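All values derive from a computational prediction rather than experimental measurement.
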Amino acid sequence: MEKNMNENFKKLERRVIDCLYNTDLKRINYELSNIDGPTLVSGVGGSSVVSEYASKILSIKNKIITRNTEPRDFKYLNTNLYNNVLACSYSGNNYGVELAFLNNLHHYLLASQPNIREGIINLNYNCSDKEKSFISLSSTLIPCSILLNYFYGNDIGRVIDLLDQYDFDFDTDCDAYEIFSGYDTSTLSKYLESTMIESGIAIPIVHDKYSYCHGRSTLSTVSNNNAIFFDSGSELDKLLIDEIRKYYKEVIIIKNYNLTSEFSNLMKCMYLTKYIAESKNKDLSGVDYNPIVKKLYKYNGQV
C-alpha cells in the first residue's frame, strides 16, 4: 500500500466536512432515534472505535442499555436479552457484519455502503474522496462525527468546530505506552491500542485507573515506559497524575470531560499516533504488515 500518511492527515478535516454535508443526516438521525430497548453495537478494527462511541451516544441520547460487542462474541452471547444490533463497518459487507446479524434482532448498519440483505436498516454516509490507508483515519472519524451530530440534534457546525490539528513533543524512546483510561475515555484508549498494535509503532498497555491502584503499578518500576493519561479532573486523577510522574519517562496528559471532548480527543489521539509513527520512520497509511494478514483478514469460517 502506498505510504501516504501525511496526505491523509492533510485531507482528514476536509473529508469529514464533505461527508457531513453530502450525507442524508436527517434520515440517519431519524433511524437512530427509533432504536429502542437493549442494543448491541459491534465493529472490528477501526470500526470498533466507532462502535464504542456509538454505544455511548445511544445510551445517553436514547436512554437505553447498550453494549459494545466483538463480532465473534455473538456466537457465545445470549442475544435474546437484546432488541437490536447496530453494526459499524466502513465497507458494510465484511464477515463481522454477517456475524453480528446471525440472530432475530432488529438490524441496523452504519456504513459507507449498503448491505443488500433483507431486513437491514442501512444508515449510509457518503464519502466522495475515499481514503486509502492501512490505519483508518477518516473512516473512523467520519461515522463518529455523524454520531455526535445526532447527539447534538443535527448541528453540523458544532461538530466541525471540534475538528483541529494537534502537535506533540515528547521522547518516544520507550519500551511501551501505559494508557490510563476507563469507560469515560474508552473510545480513545481503544483507538490508541488498536492503532499502535496494527501499525507496530508501539506496545500499548491499557489500565483502568482504579485497577491501577491494586498492583498494576509494578510494571512501571521494571520497564522504561511512557504514560498517556486521560484526565477527567477527578480526585483519583489528581492523585495518580501527581504520583506517576515519578515512575514514567514521559507523562502525556489529555483532558477529557464528556462525549464532546472525547470526539475532539479522538482526533488528538490520531495526531499523537502520527507523531510516534514519524519518530519511528513509519507510516500509518502504508504499514509493512505481517504476511499472515493476507490469510486472516478475509476469514469467514467457524468462529
Side-chain angles (χ1 to χ4, degrees), residues 9 12-13 16 41-60 66-70 88 135-149 151 159 161-168 170 172 174 176-199 201-212 216 225-234 236-237 240-241 244 248 250-277 284:
F9 270 95
L12 181 56
E13 182 177 347
V16 173
V41 190
S42 182
V44 66
S47 292
S48 69
V49 179
V50 179
S51 61
E52 182 72 15
Y53 196 58
S55 69
K56 296 182 180 184
I57 294 286
L58 291 176
S59 176
I60 296 175
T66 60
R67 172 174 173 169
N68 188 26
T69 311
E70 293 284 344
C88 304
I135 298 297
S136 302
L137 295 171
S138 63
S139 55
T140 296
L141 198 61
I142 284 172
C144 286
S145 71
I146 290 171
L147 290 161
L148 184 60
N149 178 67
F151 180 75
V159 176
D161 286 344
L162 297 173
L163 301 174
D164 205 352
Q165 299 181 30
Y166 299 92
D167 294 317
F168 290 89
F170 59 87
T172 61
C174 63
Y177 287 84
E178 297 188 41
I179 302 164
F180 293 74
S181 187
Y183 176 78
D184 52 325
T185 55
S186 56
T187 305
L188 308 177
S189 55
K190 186 173 283 290
Y191 168 79
L192 288 177
E193 182 184 41
S194 64
T195 299
M196 287 179 178
I197 291 175
E198 290 183 19
S199 65
I201 61 171
I203 298 173
I205 302 162
V206 180
H207 298 298
D208 174 83
K209 294 173 184 175
Y210 182 64
S211 291
Y212 185 82
R216 294 177 69 92
N225 295 344
N226 283 349
I228 300 173
F229 196 100
F230 296 117
D231 179 15
S232 62
S234 70
L236 175 60
D237 286 357
L240 285 172
I241 290 172
I244 67 174
Y248 293 91
E250 298 272 5
V251 178
I252 301 101
I253 297 175
I254 299 176
K255 295 184 181 297
N256 192 91
Y257 301 110
N258 50 40
L259 285 172
T260 295
S261 56
E262 193 168 18
F263 174 80
S264 59
N265 282 334
L266 176 57
M267 196 165 184
K268 183 177 288 187
C269 286
M270 289 180 173
Y271 277 91
L272 189 153
T273 53
K274 176 178 181 286
Y275 175 77
I276 296 174
L284 296 178

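Side-chain atoms of Asp231 do not come within 3.5 Å of backbone N or O of Ile254 as any donor-acceptor pair. Ser199 places a side-chain N or O within 3.5 Å of a backbone atom of Thr195 that can act as its donor or acceptor partner. With Ser51 contributing its side chain and Val41 its backbone, the two residues share no donor-acceptor pair below 3.5 Å. In terms of modelled atom types and a separation under 3.5 Å, the side chain of Ser194 and the main chain of Tyr191 share a donor-acceptor contact.
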Problem - Test side chain to side chain contact (heavy atoms under 4.5 Å, CB included) applied to Tyr166 and Met270, step by step - result: CA-CA 9 Å; Tyr166 299 92; Met270 289 180 173; over 6 Å; no
Exercise for the section: Give the C-alpha distance, both sets of side-chain angles, the deciding distance and a yes or no for side chain to side chain contact (heavy atoms under 4.5 Å, CB included) between Leu141 and Leu163. Expected result: CA-CA 10 Å; Leu141 198 61; Leu163 301 174; 4.2 Å; yes
Practice task
Just do the side chain to side chain contact (heavy atoms under 4.5 Å, CB included) check on Leu188 and Leu266 with the steps written out, would you?
Solution key: CA-CA 6 Å; Leu188 308 177; Leu266 176 57; 4.0 Å; yes
Handout entry: Intermediate values then yes/no, side chain to side chain contact (heavy atoms under 4.5 Å, CB included), Val251 and Asn226
Key = CA-CA 6 Å; Val251 178; Asn226 283 349; over 6 Å; no
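For Glu52, the side-chain contact (heavy atoms from CB on, under 4.5 Å) partners at least two apart in sequence or on another chain are Lys56, Asn68, Ser186, Thr187, Lys190. By the side chain to side chain donor-acceptor pair (under 3.5 Å) test, Tyr177 is found to be paired with no residue, residues two or more places apart in sequence or in another chain being considered. For Asp161, there are no side chain to side chain donor-acceptor pair (under 3.5 Å) partners at least two apart in sequence or on another chain. For Asp184, there are no salt bridge (Lys or Arg N to Asp or Glu O under 4.0 Å) partners two or more places apart in sequence or in a different chain.
Contact of the Met267 side chain with the Leu12 side chain is registered, since non-hydrogen atoms from C-beta on lie closer than 4.5 Å. Side chains of Ile146 and Val159 form no contact here, defined as non-hydrogen atoms less than 4.5 Å apart. Taking the side chain as every heavy atom from C-beta outward, Ser261 and Asn256 approach each other to under 4.5 Å. Using a 4.5 Å heavy-atom cutoff, the side chains of Ile253 and Phe230 are not in contact. Here the side chains of Glu198 and Ile135 are in contact, with some heavy-atom distance below 4.5 Å. Counting heavy atoms from C-beta on, the side chains of Ile241 and Phe229 come closer than 4.5 Å. Here the side chains of Lys268 and Leu272 are not in contact, with every heavy-atom distance at 4.5 Å or above.
To the nearest 0.5 Å, the span separating CD on Glu70 from OG on Ser48 amounts to 6.0 Å. For the atom pair Lys209 NZ and Leu240 CG, the distance stands at 8.0 Å (nearest 0.5 Å). Note that the CD1 atom of Ile276 and the CD1 atom of Ile252 stand 7.0 Å from one another [nearest 0.5 Å]. Residue Cys269 holds its SG atom at 7.0 Å from CD1 of Ile228, rounded to the nearest 0.5 Å. Taking CD1 of Ile179 as the reference point, atom CG of Asp208 lies at 13.0 Å (rounded to 0.5 Å). Atoms CD1 and OG1, on Ile201 and Thr172 in that order, are 9.5 Å from each other to the nearest 0.5 Å.
Summarising the local packing, CD1 of Ile203 is surrounded by 12 or fewer heavy atoms from other residues, nucleotides or ligands at distances under 6.0 Å. Counting non-hydrogen atoms of other residues, nucleotides and ligands closer than 6.0 Å to CG of Asp164 gives a total above 12.
For Ala176 against Asn225, the heavy-atom pair with the smallest separation is N-OD1, 3.2 Å. Here the closest non-hydrogen pair linking Arg216 and Val206 is NH2-O, 3.1 Å.
For Tyr275 and Phe170, the ring centers are positioned less than 6.0 Å apart.
For residues 136-145, the pairs satisfying side-chain hydrogen bond (donor to acceptor under 3.5 Å, both in side chains) are Glu131-Ser138, Ser136-Ser139, with sequence neighbours left out. Judged as a ring-ring contact (aromatic ring centres under 6.0 Å, His included), the pairs with a partner in residues 252-272 (not counting sequence neighbours) are, in order, Phe9-Tyr271.
Relative ring orientation between Phe180 and Tyr248 is described as perpendicular, the plane-to-plane angle rising above 60° on a 0-90° scale split at 30° and 60°.
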